[in-house]
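The figures here come from the full heavy-atom set of this structure, side chains too, leaving out hydrogens, waters and symmetry mates.
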Amino acid sequence: MSAPKNDTFLRALLRQPTPYTPIWIMRQAGRYLSEYNETRKQAGSFLELCKNPHLATEVTLQPLARFPLDAAILFSDILTIPDAMGLGLYFAEGEGPRFERPLREEWEIRNLDVVDPDAHLRYVLDAASQIRKALDNEIPLIGFSGSPYTLACYMIEGRGGTEFHEIKRMLYERPDLLHSILDVNARSVVAYLNAQIEAGAQAVMIFDSWGGNLSAAAFREFSLAYMERICAGLKKEQDGHAVPCVVFTKGGGQWLESLAACGADALSVDWTTDLGDARRRVGDRVALQGNLDPAVLLTNPEVVEREASKVLASFGKGNGHVFNLGHGVSRFTPPENVGALVDAVHRLSLPYHQ
């Protein structure tokens with residue numbers, strides 16, 4: 001199968017020359033779009049939306065109908081793996097994801113099984129296939145997963161946004177149990193991402209959303225080591241084309257050098273890291289993705305353009321930059337500001353590639 005007509009995103013991840021800086025936005029199919037909210041209402045719940053390949057395809061395509069983005073991302077959730085493990089995922093209104101059966105007992109942890117994506121996550125793979133077909137080779141499709149440590153945070157705490165006391169207690173008192181969970185998670189993620197690649201994903205991203213809550217030593221042992229295993233186990237090409245891998249540790253700017261050696265093709269960085277400094281630190285080992293503060297999109301088009309130009313200038317001339325936010329787009333974002341951002345990046349980045 002041939003490369004997408006617009007392969008700027010893939011080329012940037014591989015640090016190849018591009019005519020401009022490509023852009024996509026984390027959580028680009030989301031609640032800031034009225035059409036997304038209508039489709040979600042039709043599905044009945046967020047989880048049902050994720051588990052309906054037809055509707056997941058529909059919402060993946062919605063932002064692309066509005067904005068000339070350079071990549072699509074599979075509509076799903078990072079918690080599909082622990083859900084498939086039987087932990088009882090549900091979404092409390094206004095409170096985010098919860099698990100009915102968080103992991104606390106040793107026997108529960110010892111009984112965890114690696115997820116078989118074909119058997120347990122077929123709805124995700126079907127969505128990936130449908131989306132890839134619907135994209136008609138115009139732009140590439142990104143697949144994704146949570147990192148083993150981030151998944152473990154939810155699996156042990158039972159929800160996100162906590163002080164992480166439960167997982168930290170296990171990490172220090174019973175590291176063997178946490179390693180057992182992380183091993184199962186890592187093997188599940190490798191199988192899951194490779195299945196997404198076979199189903200149509202042309203790049204994959206590992207979201208290490210909670211890796212930044214660890215000490216430096218704990219990050220190396222309980223997060224980075226497992227992402228290294230995943231990068232080593234991923235399919236590097238499909239249908240004769242390279243499949244780049246992006247790693248994103250939110251709050252991990254202090255570990256960029258270590259992350260650059262993990263085997264990924266690119267690092268996504270949050271807005272607390274200076275992009276120019278990040279580029280100097282990682283050199284030509286990896287491409288960089290990011291890193292506009294999502295709060296900028298709550299302002300107005302003039303401010304959006306001004307701040308986007310600062311990010312582009314920070315990275316500077318040359319290849320290997322994918323423009324993105326430093327985290328997901330806020331549900332309170334006016335859609336016209338996203339349009340202004342995409343336009344500004346495409347227009348203002350041209351001189352950096354001459």
Salt bridge (Lys or Arg N to Asp or Glu O under 4.0 Å) pairs, two or more places apart, involving [range]:
range	answer
residues 172-191	E106-R174, R110-D176, R174-D176, D183-R187, D183-R229
residues 212-221	none
residues 206-216	none
residues 65-78	E35-R66

Verify the neighbour count for atom NZ of K236: are there more than 12 heavy atoms of other residues, nucleotides or ligands below 6.0 Å?
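Yes, NZ of K236 has more than 12 neighbouring heavy atoms, counting only those of other groups under 6.0 Å.
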
Does atom NZ (K5) have a neighbourhood of more than 12 heavy atoms from anything else shown, all under 6.0 Å?
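Yes.
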
Residue list, side chain to side chain donor-acceptor pair (under 3.5 Å) with [X], at least two apart or on another chain:
X	value
R98	E95
K310	E307
R281	E257
T80	Y192

With a 4.5 Å cut-off on side-chain heavy atoms, are [Y] and [X] touching?
X	Y	value
S330	P294	no
L341	I23	yes
S147	Y226	no
V243	K235	no
I142	Q202	no
Q16	N319	no

Indicate if [X] and [Y] have the same hydrophobic cluster label, given that clusters are the connected sets of ILVMFWY residues with side-chain heavy-atom separations under 4.5 angstrom.
X	Y	result
L47	I81	yes
L298	V311	no
L177	L87	yes
L14	V204	no

Donor-acceptor pairs under 3.5 Å, side chain of residues 259-270 to any protein atom, not counting sequence neighbours: which ones?
| from | atom 1 | to | atom 2 | distance (Å) |
| --- | --- | --- | --- | --- |
| D265 | OD2 | C245 | N | 2.9 |
| S268 | OG | Q289 | NE2 | 2.9 |
| D270 | OD1 | T272 | N | 3.0 |
| D270 | OD1 | T272 | OG1 | 2.5 |
| D270 | OD2 | G251 | N | 2.6 |

Considering only Ile, Leu, Val, Met, Phe, Trp and Tyr, and joining two whenever side-chain heavy atoms are under 4.5 Å apart, list the other residues clustered with Y90.
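When side chains under 4.5 Å apart are linked, Y90 ends up in no cluster with other residues.
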
Run the numbers on I139 and L135 for side chain to side chain contact (heavy atoms under 4.5 Å, CB included), then give the verdict.
CA-CA 7 Å; I139 58 173; L135 289 171; 4.1 Å; yes

Evaluate the criterion side chain to side chain contact (heavy atoms under 4.5 Å, CB included) for residue pair N213 and F219; output intermediate values, then yes/no.
CA-CA 8 Å; N213 73 38; F219 175 73; over 6 Å; no

Do T57 and T60 meet the criterion of a side-chain donor-acceptor pair at a distance under 3.5 Å?
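No, no side-chain donor-acceptor pair sits under 3.5 Å.
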
Sidechain N-carboxylate O distance under 4.0 Å for E48, R40:
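No.
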
Regarding E163 and K168, does a basic nitrogen lie under 4.0 Å from an acidic carboxylate oxygen?
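Salt bridge between E163 and K168, a charged N being under 4.0 Å from a carboxylate O: no.
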
Below 30° counts as parallel, above 60° as perpendicular, anything between as tilted: where do the rings of F46 and F75 land?
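Correct class here is perpendicular.
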
Parallel, tilted or perpendicular: ring planes of H179 versus F222, cut at 30 and 60 degrees:
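Parallel.
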
Check for a donor-acceptor pair, side chain of Q62 on one end and backbone N or O of Y36 on the other, with a separation under 3.5 Å.
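A pair under 3.5 Å: yes.
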
Got a donor-acceptor contact below 3.5 angstrom from the T150 side chain to the S209 backbone?
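Such a contact is found between T150 side chain and S209 backbone.
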
With a 3.5 Å cut-off and sequence neighbours excluded, list the donor-acceptor pairs that the side chains of residues 123-130 form with protein atoms.
| from | atom 1 | to | atom 2 | distance (Å) |
| --- | --- | --- | --- | --- |
| D126 | OD1 | R122 | NH1 | 3.2 |
| S129 | OG | L125 | O | 3.2 |
| S129 | OG | A199 | O | 3.2 |

Can you check ring-ring contact (aromatic ring centres under 6.0 Å, His included) on F207 and F144, steps first, answer last?
CA-CA 7 Å; F207 285 88; F144 71 94; 5.7 Å; yes

Run the ring pair (Phe, Tyr, Trp, His ring centres under 6.0 Å) test against Y32 and tell me which residues pass, sequence neighbours left out.
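None.
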
